[in-house]
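Data block below; observations after.
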Amino acid sequence: MRRVIKAGVLSFWRNRWVSSATISVMMLALGLITSLVLASVVAGSLLKTLEEKVDISVYFKLETSENEIIKVKQELENLDDVKTVEYVSRQEALARFEAEHQNNPLIVKSLEELGENPLEASLNVKAKLIDDYSSIAAFLESPRFSSLIDTVNYRQNQKVIERLSHIINVVRRSGLAAVLVLVLVAVLVTFNTIRLTIYSMREEIGVMRLVGASSWYIRGPFIVEGVVHGLIASVLTIILFFPLVIFLSPKVQGFLTGINIADYFKENFWQLFFLQTAVGIFLGVISSIIAMRRYLKI
């Protein structure tokens, strides 16, 4: 094993210029993958903020009793798609309305002249997933609740909800597609490097076969070389990313309040480093194996 590792490191050093190009491209791939992870964090935080602002408001007719509203609330809470249900009584709705419009004397005077509470009691429903709002709205709009419910505001918010759902799905699919493309590029580049190494060492390989070297002894150094490519690319990528993330974090936080990618990077530094290293080594080893199966005939 020691001889195989030494031979692999020596092979890497002998082809250091070609290896440098391979490491550079692999760094680009790993850097883009890490960027995608950080971008997913930013997008996830943004989408989570937007999701928290989306809900369904159910307004009940004035003659609907509080007991009937509580029964509807309990039925909603028993649905698998529902996350939370908030009950807003007529008195609470009026208090919120007055607090919101306390600086508008016309509205305040109109309420005083009216002499009664014109606002309806309501339930604010939040779904576990944004795609679940349509099924919740269908449940509330069923005939059994027609005598109790005045309006369900899902239809007014339907376009916003559907657009947000579409954005979430696009982000997820785009991220997966980008990862697959970058992995393919890294494999192809490392594959070509190992192929060139095999070609440049064809005479040495021939001599080793003549003197009875084992297949493992001949193939092992190329796998070690792939591991070295991935390991060095991972270390250099994480070193370059640290100051870059620190520099960009205030700008991102200024644009999207509450999102601090520097804190996320620091808190998950070792997880990101492990991910980069695992991906880099995996790509290097897989590329080496493919190149050997294709060009190294023993």
Side-chain angles (χ1 to χ4, degrees), residues 40-172 253 255-260:
S40 298
V41 171
V42 174
S45 300
L46 179 60
L47 293 174
K48 185 177 180 181
T49 302
L50 293 174
E51 282 182 333
E52 289 174 353
K53 295 181 179 179
V54 174
D55 61 8
I56 291 179
S57 294
V58 186
Y59 296 95
F60 292 85
K61 296 178 180 180
L62 294 177
E63 61 270 18
T64 304
S65 67
E66 186 171 347
N67 288 335
E68 290 174 316
I69 297 174
I70 296 300
K71 288 180 181 179
V72 176
K73 178 177 181 290
Q74 291 172 345
E75 287 193 46
L76 283 170
E77 289 173 336
N78 291 329
L79 296 178
D80 294 335
D81 299 336
V82 174
K83 182 179 180 181
T84 60
V85 183
E86 179 193 11
Y87 170 55
V88 180
S89 66
R90 295 182 63 197
Q91 293 74 18
E92 187 178 353
L94 180 61
R96 291 182 182 182
F97 185 83
E98 290 176 339
E100 185 177 350
H101 298 90
Q102 59 183 344
N103 296 324
N104 191 325
L106 181 61
I107 293 179
V108 173
K109 185 178 179 180
S110 299
L111 285 174
E112 291 175 353
E113 291 178 352
L114 190 61
E116 61 178 358
N117 184 359
L119 300 180
E120 299 171 326
S122 64
L123 295 176
N124 296 326
V125 185
K126 286 188 177 294
K128 293 180 180 177
L129 299 174
I130 199 164
D131 294 332
D132 296 334
Y133 280 108
S134 59
S135 61
I136 296 173
F139 172 79
L140 292 168
E141 291 172 345
S142 62
R144 59 185 292 237
F145 296 123
S146 59
S147 61
L148 305 176
I149 295 175
D150 185 14
T151 57
V152 178
N153 77 341
Y154 171 73
R155 300 306 168 192
Q156 294 92 319
N157 296 334
Q158 185 175 11
K159 290 185 178 179
V160 176
I161 293 173
E162 289 177 351
R163 186 174 300 174
L164 182 56
S165 178
H166 176 70
I167 291 172
I168 293 172
N169 291 329
V170 168
V171 168
R172 289 171 179 167
Q253 193 171 11
F255 182 69
L256 300 171
T257 305
I259 300 175
N260 192 320

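We use all heavy atoms of the structure for the numbers below, so side chains are in, but hydrogens, waters and symmetry mates are not.
- Contact annotation: the side chain of V72 never approaches that of V85 to less than 4.5 Å [non-hydrogen atoms, C-beta and beyond].
- Closest approach of R90 and E120 over heavy atoms only: CG-C, 3.9 Å.
- Under the rule for a salt bridge (charged side-chain N to carboxylate O under 4.0 Å, His left out), E66 has no partner lying at least two apart in sequence or in another chain.
- Under the rule for a salt bridge (charged side-chain N to carboxylate O under 4.0 Å, His left out), the partners of R96 that lie at least two apart in sequence or sit in another chain are E86, E92.
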What side-chain donor-acceptor pairs closer than 3.5 Å can you find for residues 77-84, not counting sequence neighbours?
from	atom 1	to	atom 2	distance (Å)
E77	OE2	K73	NZ	2.6
N78	ND2	Q74	O	3.1
D81	OD2	S135	OG	2.9

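- Here the shortest heavy-atom pairing between V125 and I136 reads CG1-CG2, 4.1 Å.
- F60 pairs by the ring-ring contact (aromatic ring centres under 6.0 Å, His included) definition with nothing, not counting sequence neighbours.
- Applying the salt bridge (charged side-chain N to carboxylate O under 4.0 Å, His left out) criterion to E68, with sequence neighbours excluded, gives no partner residue.
- In this structure, OG on S134 lies 10.5 Å from CD on E141, to the nearest 0.5 angstrom.
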Show, in sequence, the C-alpha distance, side-chain angles and deciding distance for L123 and V88, and conclude whether the side chain to side chain contact (heavy atoms under 4.5 Å, CB included) test is met. CA-CA 6 Å; L123 295 176; V88 180; over 6 Å; no
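- For the pair F139 and S142, the tightest heavy-atom approach, listed with the atom from each and the gap, is O-OG, 2.8 Å.
- Contact between V152 and I149 at its shortest, heavy atoms only, is CG2-CG2, 3.8 Å.
- A donor-acceptor pair is defined here as one N or O able to donate and one able to accept, closer than 3.5 Å; no such pair exists between the side chain of Y87 and the backbone of I70.
- Distance alone, capped at 3.5 Å, places no donor-acceptor pair between the D150 side chain and the Y59 backbone.
- No side-chain heavy atom of V58 sits less than 4.5 Å from a side-chain heavy atom of S122.
- P118 and L62 get closest at one heavy-atom pair: O-CD2, 4.2 Å.
- With a 6.0 Å radius and a threshold of 12 heavy atoms from other residues, nucleotides or ligands, K61 has its NZ atom above the threshold.
- Rounding to the nearest 0.5 Å places CD1 of I56 at 10.5 Å from CG of N124.
- Side-chain atoms of T64 come within 3.5 Å of backbone atoms of L148 as a donor-acceptor pair (strictly under, hydrogens ignored).
- The two residues I69 and A121 make their nearest non-hydrogen contact at CD1-CB, 3.6 Å.
- Evaluation of the ring-ring contact (aromatic ring centres under 6.0 Å, His included) rule for F97 yields H101 as partners, not counting sequence neighbours.
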